[in-house]
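Each chain gets a letter, A, B and so on, in the order its sequence line appears, and its residues count up from 1. Just so we're clear, the structure is a prediction, and the values are computed from it rather than from any experiment.
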Amino acid sequence: MVEFSSERLARLTGMLKRRGVILPAFEIHGGAAGLYDFGPVGGRLRNRVNQTWINHWQSLGNVVEISCPTVTPYPVLEASGHVGEFSDFLTECKKCGEASRADHLIEAIHPNAESLSKDELGALISENNPPCPSCGESEWGQIEAQNLMFNTKIGAGSSGRQGFLRPETAQGMFTSFTSIYRHFRERLPFGALQTGKGYRNEISPRQGMIRLREFNMAELEYFIDPEVNTVHDFSLWNQEVTLIADKEGEIVMTLGDAVEKGIIRHPTVGYFMGWTMDFLLNVGINPAHLRFRQHESNEMAHYAQDCWDAEIRGSYGWVECVGIAHRGCYDLTAHEEATGQRLRAWRTFSEPKVVEINGWTTDGAKAGPAFRALAGQVKSAVEELPPETKFPFTLSIGESAVEILPEHVKRVQRSENVNGEWFVPHVVEPAFGIDRIIWHLLDHSYSEVEKSGEDYTLLGLPELIAPVDVTVLPLYEKDGMDELALIIHRELCGKKNVFSVYDASGSIGRRYARADEIGVPWCITVDHDSLSDNSVTLRSRDTGEQTRVLINALPF
RNA sequence: GCGGAUAUGGUGAAGUGGUUAUCACCUGAGGUUUCCAACCUCAUGUCGUGGGUUCGAUUCCCGCUAUCCGCACCA
């Protein structure tokens with residue numbers, strides 16, 4: 001079992017920097033907090049984890065990949081709620097200068113302080129004078145809004161529109177909903193995913209790759225009909241999982257049981273938790289350091305109905321790396337309301353519904369001239385009247401009373417067949433922080449052992465995501481061994497999905513050690529015999545075992 | 001954002017108000033070596049950044065940036 005410690009963490013980050021996996025960005029200019037580079041080894045690692053994620057979710061069979069801009073106009077994020085929700089309202093204690101979040105100060109006074117506006121917060125604070133958590137005094141300054149999104153301007157000068165760098169990729173899936181809906185021939189359920197950069201202007205980035213200002217996200221928006229009882233196959237996951245449920249606390253059970261008992265409130269959320277677990281284990285997360293935690297109702301993001309985080313334990317403790325949120329109809333409704341565009345799916349009833357329409361409406365030709373500006377309101381009011389209403393009838397509309405005469409109205413009585421209805425699909429969203437996952441799989445894969453009395457480090461990465469698949473090593477760089485090794489190396493590099501590294505410097509043992517340190521699963525060694533019999537040594541990283549293989553029978 | 005500490009080759013460390021800043025590992029070249037960080041020779045590469053004090057600053061002072069630790073915050 002890995003023991004996480006700050007000393008091990010220092011050695012691990014040192015190795016990652018030295019070997020070009022992850023490094024602080026722009027370091028020659030002094031660096032920038034919360035920004036990291038993936039180096040010559042990390043670049044491919046990131047790409048492979050990313051691609052593995054895409055492949056994994058596309059294997060659901062009804063999921064497409066899209067790619068949307070990171071630069072996003074203001075109204076999009078206003079509609080989504082980010083402009084409001086991503087602002088923290090801060091106020092400073094006049095005595096000690098400590099900045100506190102205004103909503104936290106009045107948490108005890110107001111049950112839902114987070115939802116309050118700046119003015120409401122200000123009023124409550126001056127009424128109640130909450131004490132400063134740091135010095136105990138109760139004198140507060142102005143409340144300032146601090147937005148966690150990066151501002152930008154789309155277009156130059158005064159004609160530029162305000163925009164933001166996106167704080168999540170999800171909004172692109174919602175704003176493209178109709179196109180995706182058409183792609184799937186207007187049949188639910190379906191999903192759209194994208195991977196890409198997201199940006200949050202963190203007040204204080206900490207803990208290396210854990211909190212970044214620019215980060216790799218991978219999100220799936222899966223659209224479902226809330227009235228269909230989806231049946232998922234939970235027999236895929238027989239193993240018990242650690243769950244920290246909102247009410248029950250820490251429990252250990254299978255995902256299927258948790259869904260059945262209603263602890264996981266929607267089966268698709270549970271199913272995606274399983275799918276998420278498969279992905280995490282495939283890329284090298286240690287299941288002993290994985291758990292799912294349900295958000296308490298009061299910590300749920302503004303859009304969510306139920307939310308489970310996959311948390312991974314590593315050198316920084318338990319860290320949320322995936323959020324699986326049931327967002328309900330929140331997002332599509334929000335964009336619908338902001339734009340007036342229909343973002344809905346059509347649900348055909350199993351049998352057409354016969355709707356009896358029995359009541360009154362206005363006769364436009366008479367009622368229009370009679371009521372003028374009020375005609376519209378009169379019409380709606382009349383249509384609400386029961387069929388037995390007698391006219392003349394006095395309606396009160398706003399302040400005024402209006403007399404409706406028989407000539408103003410028409411009787412309506414008919415039956416209509418309704419074949420279906422438009423509804424706003426619900427969304428289940430698995431959202432992954434790719435950088436956090438990469439950090440943890442490195443953290444879990446990194447092991448320090450002793451080999452012949454020396455410290456030896458090894459990265460036990462799964463072959464699926466190893467940044468280098470194989471290194472080719474001439475035993476000595478002479479007698480043609482180097483030429484043969486180069487030929488093999490180039491041929492391997494030309495193969496689909498294979499990346500080989502040629503390494504000829506240092507003793508063979510040193511080169512094996514170098515390969516192990518960055519988790520290369522296989523080494524091919526060209527020796528004197530190779531020159532005559534076309535065979536090479538294939539060495540496994542994990543077992544150290546060597547087998548003799550013909551060059552044209554190499555498993556790559 | 002606040003408080004404290006820190007910043008020396010790629011990595012980890014030592015050191016100094018005085019002119020060629022030290023060591024180990026790493027890296028590169030050559031030699032040696034018939035498969036797990038061996039050895040020999042040689043070589044490359046450093047005082048975060050801007051300003052101040054000073055005849056002279058890597059060293060002292062100040063600002064900035066970054067890192068670490070606490071507070072706060074957090075998907």
Sticking with atom [atom1], work out how far [N] lies from [M], rounded to a whole angstrom.
| N | M | atom1 | answer |
| --- | --- | --- | --- |
| rA14(B) | rC25(B) | C1' | 15 Å |
| rC60(B) | rG18(B) | P | 11 Å |
| rU58(B) | rU46(B) | C1' | 10 Å |
| rU20(B) | rC35(B) | P | 48 Å |
| rA7(B) | rG28(B) | P | 30 Å |
| rU59(B) | rA43(B) | P | 30 Å |
| rU53(B) | rG17(B) | C1' | 12 Å |
| rC36(B) | rU11(B) | C1' | 22 Å |

Nearest to the side chain of [X] - [options]?
| X | options | answer |
| --- | --- | --- |
| Gln546(A) | rC35(B), rU27(B), rU33(B) | rC35(B) |
| Leu475(A) | rU67(B), rU11(B), rC35(B) | rC35(B) |
| Ala513(A) | rA66(B), rU34(B), rA37(B) | rA37(B) |
| Ile508(A) | rA75(B), rU33(B), rC35(B) | rC35(B) |
| Arg539(A) | rC36(B), rC35(B), rC26(B) | rC36(B) |
| Tyr476(A) | rA37(B), rU33(B), rC36(B) | rU33(B) |
| Thr537(A) | rC35(B), rA75(B), rA37(B) | rC35(B) |
| His295(A) | rA75(B), rA37(B), rU11(B) | rA75(B) |

Is there a Watson-Crick or G-U wobble partner for [N] with both distances under 3.5 Å, and if so, which one is it?
| N | result |
| --- | --- |
| rG18(B) | rC55(B) |
| rU49(B) | rG63(B) |
| rA72(B) | none |
| rG9(B) | none |
| rU41(B) | rA29(B) |

- [ ] Mind checking the CD-OG spacing from Glu545(A) to Ser540(A)? Nearest 0.5 Å is all I need.
- [x] 7.0 Å
Classify [X] by what it touches in the nucleic acid, base, sugar-phosphate, or nothing, heavy-atom distance under 4.0 Å.
| X | answer |
| --- | --- |
| Arg548(A) | base |
| Gly433(A) | nothing |
| Phe215(A) | base |
| Glu27(A) | nothing |
| Arg511(A) | nothing |
| Ala32(A) | sugar-phosphate |

Expressed as a whole number of angstroms, how long is the span from [X]:[atom1] to [N]:[atom2]?
| X | N | atom1 | atom2 | result |
| --- | --- | --- | --- | --- |
| Asp482(A) | rG30(B) | CG | C1' | 15 Å |
| Asp533(A) | rU34(B) | CG | C1' | 14 Å |
| Ile324(A) | rA75(B) | CD1 | P | 17 Å |
| Lys478(A) | rU33(B) | NZ | P | 6 Å |
| Lys197(A) | rA75(B) | NZ | P | 22 Å |
| Leu531(A) | rC35(B) | CG | C1' | 15 Å |
| Glu477(A) | rC35(B) | CD | P | 18 Å |
| Ile28(A) | rA7(B) | CD1 | P | 22 Å |

Task: Other residues, nucleotides, ligands: >12 heavy atoms within 6.0 Å of Arg490(A) CZ - done: no
Closer than 4.0 Å, any side-chain N/O of [X] to the OP1 or OP2 of [N]?
| X | N | answer |
| --- | --- | --- |
| Lys17(A) | rG10(B) | no |
| Ser505(A) | rG28(B) | yes |
| Ser507(A) | rA38(B) | yes |

Open item on the list: If you assign each of Gly544(A) and Arg213(A) to its closest nucleotide in RNA chain B, which residue comes earlier from the 5' end?
Closed with: Gly544(A)
Open item on the list: If you assign each of Gly31(A) and Asp503(A) to its closest nucleotide in RNA chain B, which residue comes earlier from the 5' end?
Closed with: Asp503(A)
- [ ] Give a yes or no on whether the ring-centroid distance for Phe164(A) and Phe150(A) is below 6.0 angstrom.
- [x] no
TODO: Verify the ring-centre separation between Tyr316(A) and Phe4(A): is it less than 6.0 angstrom?
DONE: no
Open item on the list: Should the side chain of Arg510(A) and the base of rC36(B) be counted as holding a donor-acceptor pair, with the cut-off at 3.5 Å?
Closed with: no
Open item on the list: When you measure only distances, ignoring hydrogens and angles, does the side chain of Arg211(A) come within 3.5 Å of the base of rC73(B) through a donor and an acceptor?
Closed with: yes
Salt-bridge criterion met for [X] and [Y] (N-O under 4.0 Å):
| X | Y | result |
| --- | --- | --- |
| Asp455(A) | Arg11(A) | no |
| Glu248(A) | Arg293(A) | no |
| Arg211(A) | Asp435(A) | no |

Task: Qualifying residue, where the test is salt bridge (Lys or Arg N to Asp or Glu O under 4.0 Å) with Asp516(A) and the options are Arg539(A), Arg541(A), Arg19(A), Arg510(A) - done: Arg539(A)
TODO: Anything under 30° is parallel, anything over 60° is perpendicular, the rest tilted; go ahead and classify His56(A) against Trp275(A).
DONE: tilted
